[in-house]
Chemist: 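Please see the structure below; I have some questions.
Below, chains carry the letters A, B, ... as their sequence lines are ordered, and counting in each starts from 1.
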2 protein chains.
Amino acid sequence: MERFLSNAVNKIDAKGRVSVPAHFRSVLAKRGFDELYALRCLDQPALDVGGMDLLERYEARIEAEDPFQQTADDMSYFIHGDGAFLKLDQDGRVTVNDFIREQTGISSEVAFVGRGTFFQMWEPSRLATHARQVRERLLRLRSVGDSRRSEDPE
Amino acid sequence: MERFLSNAVNKIDAKGRVSVPAHFRSVLAKRGFDELYALRCLDQPALDVGGMDLLERYEARIEAEDPFQQTADDMSYFIHGDGAFLKLDQDGRVTVNDFIREQTGISSEVAFVGRGTFFQMWEPSRLATHARQVRERLLRLRSVGDSRRSEDPE
DNA sequence: TTGACGCCCATATGTGCCCATGGTATCCCT
DNA sequence: AGGGATACCATGGGCACATATGGGCGTCAA
């Protein structure tokens, strides 16, 4: 099975375009998607990006809610109103619009991060910070789960 | 399937017209609608707008009610008496009339917000406030559902 | 007559489509 | 094994069309 994996940093050109890594594009192509769906991360300055399957998964989630409750409305707003389609041009680039810049803080470079069924877009230095924090958390988790090794991180 | 998705802010011109985003128009065209149906949001300063299917969906909802109950009468009033048709001109614009202004507080700019099967019209700054509140609520929802992360936001 | 509205056209900016270039990794042939 | 050819990819830029916006003009009704 094809996954979104590894990461890469690409430059935004004078027209505000950036190449989506070829490997990510081939994953999308293999799944039959020529359009991208992007939505905000709620708690991080990043965007989750994937094919239409990503959108459909969220929509299925909304279906499960009572449509007369506020939660369903909130979810729909977040998924539909606060999401975006990113069109790939023929060379596999997307334009970095204000929506992306505002959410991520991206200005001149974009870090693409594979996440299995989707990928993320980050401002490179913020990603570096995030990566550090993730590793720290995992390390803590490990020392809690296995006290023998707590003094001995590899 | 084509959805109303993402959002955009367009200007109202001197004649009180505003362009409906091209993407939204193409969704309407693909569904075969050349006229728009708008109704008030009950709990928000916004309008729900869509094709005739939106009206039909509400009408079907009324059909399901007992016609002797007040609810059916209220619903019918709300949908028929308190709704409006918006005509698209040849360039894909609608005129922002008093009904719209009074309901939304719109004066010089309109925020169009995709909501899947329909879209909304908002006064941009009110939308911004709304968006903030939605994200807050969803974030709370999430930390309730996943307590492991609740103590560890970045 | 005046104002609202529909129809038409003009224009600047944005966006997509196309092709070119340079760098890099891979492959092939000798 | 070495060296050149080749394929792929990120990047840059030209060009045409779509879109948002502004404005003119005629029509119809109050």
Chemist: Can you measure Asp13(B) atom CG to dG24(D) atom C1' for me and round it to whole angstrom units?
Modeler: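 In whole Å, dG24(D) C1' and Asp13(B) CG are 13 Å from each other.
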Chemist: Does Arg61(A) CZ have over 12 foreign heavy atoms under 6.0 Å away?
Modeler: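 No, the 6.0 Å shell around CZ holds no more than 12 heavy atoms from other groups.
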Chemist: Looking only at N and O atoms, is any donor in the side chain of Arg93(A) or the base of dG12(D) less than 3.5 Å from an acceptor on the other one?
Modeler: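 Looking at the base of dG12(D), it does pair with a donor or acceptor on the side chain of Arg93(A) (distance under 3.5 Å).
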Chemist: Check the distance between dA10(D)'s C1' and Leu88(A)'s CG and give it to me in whole angstrom.
Modeler: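 These atoms are roughly 14 Å apart.
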Chemist: Ignoring hydrogens and angles, are the base of dG16(C) and the side chain of Lys15(A) linked by a donor-acceptor pair under 3.5 Å?
Modeler: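 Indeed, a donor on one side and an acceptor on the other fall under 3.5 Å apart.
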Chemist: May I ask you to verify whether the side chain of Asp89(A) and the base of dC18(C) hold a donor-acceptor pair under 3.5 Å?
Modeler: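 No, the side chain and the base share no sub-3.5 Å donor-acceptor pair.
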Chemist: Any carboxylate oxygen within less than 4.0 angstrom of a Lys/Arg side-chain nitrogen, looking at Asp13(A) and Arg93(A)?
Modeler: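 Salt bridge between Asp13(A) and Arg93(A), a charged N being under 4.0 Å from a carboxylate O: yes.
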Chemist: On DNA chain C, nearest-nucleotide positions of Lys87(B) versus Asp91(B): which is more 5'?
Modeler: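 With Lys87(B) and Asp91(B) compared, the 5'-side residue is Lys87(B).
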Chemist: Taking only side-chain N and O atoms of Gln90(B), does any of them lie within less than 4.0 angstrom of OP1 or OP2 on dC8(C)?
Modeler: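 True: Gln90(B) side-chain N/O within range (under 4.0 Å) of dC8(C) OP1/OP2.
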Chemist: Between Ala14(A) and Arg25(A), who's closer to the 5' end of DNA chain D by nearest nucleotide?
Modeler: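 Counting from the 5' end, the first nearest nucleotide belongs to Arg25(A).
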Chemist: Does any donor-acceptor pair link the side chain of Arg17(A) with the base of dG16(C) at a separation under 3.5 Å?
Modeler: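 In this structure, the two groups form no donor-acceptor pair.
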Chemist: Taking everything shown except Arg115(A) itself, do over 12 heavy atoms lie less than 6.0 Å from its CZ?
Modeler: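 No, not enclosed.
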Chemist: Mind calculating the distance between NE2 (His23(B)) and C1' (dG14(C)) to the nearest angstrom?
Modeler: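 From His23(B) NE2 to dG14(C) C1': 17 Å.
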Chemist: Classify the ring geometry between Phe119(B) and Phe4(B) as parallel (under 30°), tilted (30 to 60°) or perpendicular (over 60°).
Modeler: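 Aromatic pair Phe119(B)/Phe4(B) classed tilted.
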